[in-house]
Protein chains: 2
Amino acid sequence: MPRAGRYLPILDWGRRYDRGALESDLVAAVIVTIMLIPQSLAYALLAGLPPEAGVYASIAPILLYAVFGTSRALAVGPVAVVSLMTAAAVGQVAAQGTAGYAAAALVLAALSGGMLLLLGVFRLGFLANFLSHPVIAGFISASGVLIAASQLQHVLGVKGGGATLPDIVRALAAHLGDVNPATVVIGAAAMAFLFWTRKGLKPALLRLGVRPRLADVAAKAGPVAAVAATTFAVWALGLNERGVAVVGAVPQSLPPLTLPMADLDVVRALIGPALLISIIGFVESVSVAQTLAARKRQRIDPDQELIGLGAANLGAAFTGGYPVTGGFARSVVNFDAGAETPAAGAFTAVGLAIAAAALTPLVYFLPKATLAATIIVAVLSLVDFSILRRSWTYSKADFAAVLATILLTLGIGVEAGVTAGVLLSVALHLYKASRPHVAEVGLVPGTQHFRNIRRHKVLTDPTLVTLRVDESLFFANARFLEDLIQDRVAGDGAVRHVVLLCSAVNDIDLSALESLEAVNARLAEMGVGFHLSEVKGPVMDRLQRSHFLDALNGRVFLSQFDAMRALAPAIGADASGSTAKVVTA
Amino acid sequence: MPRAGRYLPILDWGRRYDRGALESDLVAAVIVTIMLIPQSLAYALLAGLPPEAGVYASIAPILLYAVFGTSRALAVGPVAVVSLMTAAAVGQVAAQGTAGYAAAALVLAALSGGMLLLLGVFRLGFLANFLSHPVIAGFISASGVLIAASQLQHVLGVKGGGATLPDIVRALAAHLGDVNPATVVIGAAAMAFLFWTRKGLKPALLRLGVRPRLADVAAKAGPVAAVAATTFAVWALGLNERGVAVVGAVPQSLPPLTLPMADLDVVRALIGPALLISIIGFVESVSVAQTLAARKRQRIDPDQELIGLGAANLGAAFTGGYPVTGGFARSVVNFDAGAETPAAGAFTAVGLAIAAAALTPLVYFLPKATLAATIIVAVLSLVDFSILRRSWTYSKADFAAVLATILLTLGIGVEAGVTAGVLLSVALHLYKASRPHVAEVGLVPGTQHFRNIRRHKVLTDPTLVTLRVDESLFFANARFLEDLIQDRVAGDGAVRHVVLLCSAVNDIDLSALESLEAVNARLAEMGVGFHLSEVKGPVMDRLQRSHFLDALNGRVFLSQFDAMRALAPAIGADASGSTAKVVTA
């Protein structure tokens, strides 16, 4: 890839663009545009914003991602989890429906875009690694439950609220008496229809002899049909006069130019949420992009993806949108519909712009219950608590992190949940690394191999203790090793030499070096020699840059067998075991 | 150790206590008591508390540590760094000299004591591992500079203030015109004398034929002499009437019973600082205790040390003190003076109680400049910025953490400094672990060994890629491996099989497992087989508890040589290289 292509992948695919790709991209764009119109309106509702914000957030971001992103099929725009996180974050600084709320959403998108750009320019994509897969899975499932619960109020036609599961349930329970029958009928019918198009329509079409790919697209078009049918029903029956909440007047306009401005206090309060939204959005987006790229043996560059998503979010901030990321559903539809290059996204943006400028009067009678139903059906497919069972079987540490994430997300909120998950993952990892496996080893008779004295019949000498550490030495386990050697030697007056067998030590950081220095000094005070064996080349290079080897109260042996021959000659010379103590497992 | 001895080490050494130990302990107690009186007053001054608080903080804590602690020689009480941290924490919630300030210090001690106890009971001492040695070294040195700077106002006799180095310097500069000549003379003389007793007195005494141990004790008694001489000078010359600030009236009393009570807001504000003080205090104390224990082949139990220090801090909270920990200087004096058991500490406590009840009128004329001089001389011995040079030479990651710690401690404050150091250490560790060494390997001709194709002349087959990962697989490097395999295979259409050589993989967490599943699925889509070889027993046990092996689009080979024979038979059968491509470094 030429140099400019590093930051502008469009230069790479753009110069090879041809008629075939154009046709594929146009077909995909039409399909995705039709699917995105109801989805964009629905996610804006979830984010607490006016419906047009969802459409605006799908236009400029798609265009910018087409220029800067590396995935050929990723479709960028509002997604469920990020919409929920936006509602949670912005809800803390402004009330829904106010101008301050929409402005704060712009600021959030700008902050998120700026952070993603910075992370990309400084190639800090690795930060996303702090989110472990199980924590993400737990977080997405818990968010799905929260989202579905938060939409029930629209399906029931009652006042609701709350950002945690208990609050949402409480609010719904308090207003259960006000349920609007017409709304419930629309909402329930839409949900039933949408579940059926997801599960039952495609098999039915296949049985009728429809081609699989077409059947798939038809099934994905369910939301459009539901929107059309319920909008028509409301208009024809005048249900909006009977308490069915509708989308109402949506401005007929291209995306406006907006400036993401707010009080410094608001900006400060949004920095933390923006970071979480950026990282969650990035992780989701990259995993979708990688899955799709793999199918065509293409590759994506995670650091450049940060730049693409950063540009997309800045685009959203300046055109009346809110935070966006690469969505799973829309990207898969785009891919399945045959999109070959990011140009498909650009054509989608044009389609949506036409819709925003011309078609918004058509959604006046669209019931909010239908939008809520599309959200509920979409997010429930994300909910999968099997991660709890899988992590329980596989690793208790992962289970603890997942459980904390799920409970805190549902009980306190999305930010608390994901933060706890990250912190717990890191803490548990450090905990495990802080107690590495250390084996006391002895010589396997008749060989030059050393094995754990607890598991094998080996030769040892009471004056010589050899410890093999199965982990790199660094600050989290430095003290552990210090304590371990101290304990082993303080309790055994016979010991004259301690050898650290370093065959599995890939690195020794400065903390560990200082621990080794402390061990060396203490052993010297006890009159015990301290030796190393089988130190790897790069580690030895580092040690030679310190004063440790000068101060070492012992030697560095190339092999553990050399160490044994030098320090316990009885065993070294006569490895048959006649003079040495044989330890049996 | 019997079961009760687990939590009460006193039962262990108490039953073997004899006359010889009693004599040694009494001698040590007298020496330590004399040394502690000025030190306690000085550190109380540093913490912003009335002088008697320092003495009180040395009495109950020593007694409680004697019951619960495991070190035979550790002397617990106020120390410089913890006093500074106390001033920083309490200064945020109350003004110096108010009743609220002293009350907040009690609350801080209670919180710290409670946290230490909890950490000990739940055996969470490993948390202290998060503080890397270089970060601690940088923090202590920077704190020493801050402390010395903060005491200059007393030596100059001017008004000062500030919690950061720039603020302290600014405040001093603003009042330089008000310098009190008599105070400066006393302060400068005391400092000069104390430096000399540290550096010059012991050699001088040794030259005069004094026994080394006595010379050592005499040198350590310097502060007492300075206190006596300057107190006498102030009294005799009436310098307190000429602007020399003196300690003044100190209540003549045993430690009072106090209740650590404050507003909930104050308590909440002190929780974070209390945690930092607890961890810093614990780390310092354990390293002193371990150093001293090693000299006598004794051992200390870090988790029980948490309980000992927790009890000591709770003691301080209920007897008019403030946060305490095991001090380096006093512990070394105690050890050198011959203390054999924690009873020496108990006798010291009795000595200090007598002093508090009877001798406080003697310090009325003690100039604050002398106390400040003892602090400055004591802490400057802690300042050692060579850690910057050492870490720069040894490891740039450690250097970055140290530099951040030092700059933030001096420029923003102790809490910001130590927090940044911890976070940066953890982040840099995860960064390193997130990019493990991965080698593509081939067969060494004529052997069954596999080596890095970049370093050795090995046999490879273009359809077979074998990757050896030199690190356990976990969330921080899972995606790295995913990207790496994707990149390697996407760019090379010849590849038919990928083998992951797992000889250095000690663990695979659930994130890494899911990454392997994703790799497996993507390789399957490309028609590429995915295989593992040389998987360790415990890792295989885990994998068998998951569905990974069922879904694996390839095989698990016991040895890499088996894998090569099965997947690249041309090389396996004829390892002479006649049909295979030989790669040369």
Side-chain angles (χ1 to χ4, degrees), chain A residues 126 128-135 286-287 290-291 293-295 297-299 302 390-391 393-395 397-398 425-426 429-432 434-435 437 470-471 474-480 482-483 486-487 489-491 493 504 506-507 509-511 513-515 518 521-522 525-526 542 545-546, chain B residues 126 128-135 286-287 290-291 293-295 297-299 302 390-391 393-395 397-398 425-426 429-432 434-435 437 470-471 474-480 482-483 486-487 489-491 493 504 506-507 509-511 513-515 518 521-522 525-526 542 545-546:
Chain A
F126 81 95
N129 296 334
F130 285 39
L131 268 175
S132 78
H133 289 200
V135 164
V286 163
S287 87
Q290 272 178 330
T291 303
R295 295 198 191 159
R297 280 209 179 202
Q298 293 162 349
R299 62 181 296 280
R390 278 191 295 141
S391 59
T393 325
Y394 189 76
S395 148
D398 282 318
S425 298
V426 171
H429 165 68
L430 289 179
Y431 177 72
K432 283 193 274 183
S434 75
R435 322 204 144 198
H437 183 240
D470 291 346
E471 181 93 53
F474 72 111
F475 64 88
N477 59 29
R479 195 174 300 278
F480 173 83
E482 223 177 304
D483 293 349
Q486 172 93 356
D487 284 2
V489 177
N506 292 316
D507 190 23
D509 82 352
L510 191 52
S511 291
L513 180 74
E514 299 200 344
S515 272
R522 286 177 201 156
E525 298 226 20
M526 299 185 200
R542 274 213 165 169
R545 293 209 302 273
S546 75
Chain B
F126 81 94
N129 296 334
F130 286 39
L131 268 175
S132 78
H133 290 201
V135 164
V286 163
S287 86
Q290 272 178 331
T291 303
R295 295 199 193 159
R297 281 210 178 202
Q298 293 162 350
R299 62 182 295 280
R390 278 191 297 141
S391 58
T393 325
Y394 189 77
S395 147
D398 282 317
S425 298
V426 171
H429 165 67
L430 289 179
Y431 177 72
K432 282 193 274 182
S434 75
R435 321 204 145 197
H437 183 239
D470 291 345
E471 181 91 55
F474 72 111
F475 64 89
N477 58 29
R479 195 173 300 278
F480 174 82
E482 224 178 302
D483 293 349
Q486 172 93 359
D487 284 1
V489 177
N506 292 316
D507 191 23
D509 82 352
L510 191 51
S511 290
L513 180 74
E514 299 200 344
S515 272
R522 285 177 200 155
E525 299 226 20
M526 298 185 200
R542 274 213 165 169
R545 293 210 301 274
S546 75

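What you see is a predicted model; the values in this text were computed from it and never measured. Chain letters run A, B, ... following the sequence lines, proteins first and then strands; every chain starts at 1.
- Residues passing the side-chain hydrogen bond (donor to acceptor under 3.5 Å, both in side chains) test with A/Glu471: none are found, sequence neighbours excluded.
- Interface summary for chain A: among B/Ser515, B/Ala397, B/Ala518, the most heavy-atom pairs under 4.5 angstrom belong to B/Ser515.
- If you measure heavy-atom distances from B/Asp398 to chain A, the contacts under 4.5 Å come from the side chain alone.
- In terms of heavy-atom pairs under 4.5 Å with chain A, the best-connected choice from B/Phe480, B/Phe474, B/Tyr431, B/Phe475 is B/Phe475.
- Proximity of A/Leu513 to B/Arg390: side-chain heavy atoms (C-beta onward) are nowhere separated by under 4.5 Å.
- To the nearest 0.5 Å, atoms NE2 (B/His429) and CG (A/Leu430) are separated by 5.5 Å.
- The candidate with the highest count of non-hydrogen atom pairs below 4.5 Å against chain B, out of A/Glu514, A/Arg435, A/Arg479, is A/Glu514.
- Heavy atoms of A/Val135 lying under 4.5 Å from chain B are absent altogether.
- When all heavy atoms are compared, the tightest approach of B/Ser511 to A/His133 is OG-N, 2.7 Å.
- One distance of note links CZ of A/Arg542 with OH of B/Tyr394; it measures 5.5 Å at 0.5 Å rounding.
- When B/Arg545, B/Arg522, B/Glu525 are compared by the number of non-hydrogen pairs under 4.5 Å with chain A, B/Arg522 comes out ahead.
- For the atom pair CG of B/Asp507 and OG of A/Ser395, the computed distance is 7.5 Å after rounding to the nearest 0.5 Å.
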